[in-house]
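Notes follow once the structure below has been shown.
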Amino acid sequence: MAQGRRKLIAGNWKMNGLHQDGLDLARELSHRSVAAHRASGQHLPCDLLICPPATLLITLAEALTGAAILLGGQDCHAEVKGAHTGDLSAEMLRDAGCSHVIVGHSERRIDHGENDAIVHGKAAAAMRAGLVAVVCVGESEAERNAGRALDVVAGQLAGSIPDGMGAGTLVVAYEPVWAIGTGKTPTVADVAEMHAHIRNRLDGQVAAAEQLRILYGGSVKPSNAVELLAVDNVDGALVGGASLAASDFWDIARACR
Ligand code: PEP
């Protein structure tokens, strides 16, 4: 475990999961967690977080009572309440049983035109509500090919993260847009370079940056998890597709050292 940072494996279910499927998946993870503890007397060497669709949050919060699995939302509005049809506030997510919320995922940045200022407002809302904000950053393929990846991510960090955040309120997820859902991943050297860059950039911007968890996301699966999770400054993973199968998500969690 790097510098005492416990790894975090987070599952982003995106827009997947009707009631029974979601319940079955959460229960399977919960059973595995309890069984592993009984068998070895030890918990996983990482924290587990699942971020299901909002329709499942209250059901899963009840189903996971007593299980060592955290619950998160996939997005929130910056305001506490008001005339924002279709949106959820960070306070509502907290009320539904969440401890975390993803903000600034590239699918929100692209599909909903969310820029850094909007993500900044959502991260501030998470902090206000007592949630940990999982702030996503990452370059497009064109930006990487143009040699701009480090600068793009530095700009996103500066623009998306409010003052006053620290390891207790913030997790950063580096997700190269071109690696999400494509089966492509950056080289280990590129991941190491970017994660060191993120920690350096955040030193001074957030409190105790050395304690901050920086996740890698983009086509993480059981077959590449050991290699990716062993990279310096990779403190866990944000997992999309592979989080929808309990066995794959579990195997990724077991790849933590
Ligand atoms: C994601 O959407 O955050 C993600 C990392 O997706 P996938 O693992 O499917 O690439």
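As the structure lists them, so they are numbered: ligands from 1, and atoms in each ligand from 1.
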Within the 3.5 Å criterion, strictly below it, is a donor on [X] or [Y] matched to an acceptor on the partner's side chain?
X: S160; Y: R109; answer: yes
X: T65; Y: E62; answer: no
X: Q20; Y: D24; answer: yes

*asked:* List the protein residues in contact with ligand 1, where contact means a heavy-atom separation under 4.0 angstrom.
replied: N12, K14, H105, E175, A179, I180, G181, G217, G218, S219, L238, V239, G240, G241
*Atom CD in E107, atom CD in E175: separation rounded to 0.5 Å?*
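The distance works out to 8.0 Å.
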*Fit a plane to each ring of H195 and Y216, take the angle between them on a 0 to 90° scale, and name the class: parallel (under 30°), tilted (30 to 60°) or perpendicular (over 60°).*
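It falls in the tilted class, 30° to 60°.
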*Is V177 isolated, or which residues cluster with it under the ILVMFWY side-chain rule of less than 4.5 Å, directly or via members?*
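Other cluster members: I110.
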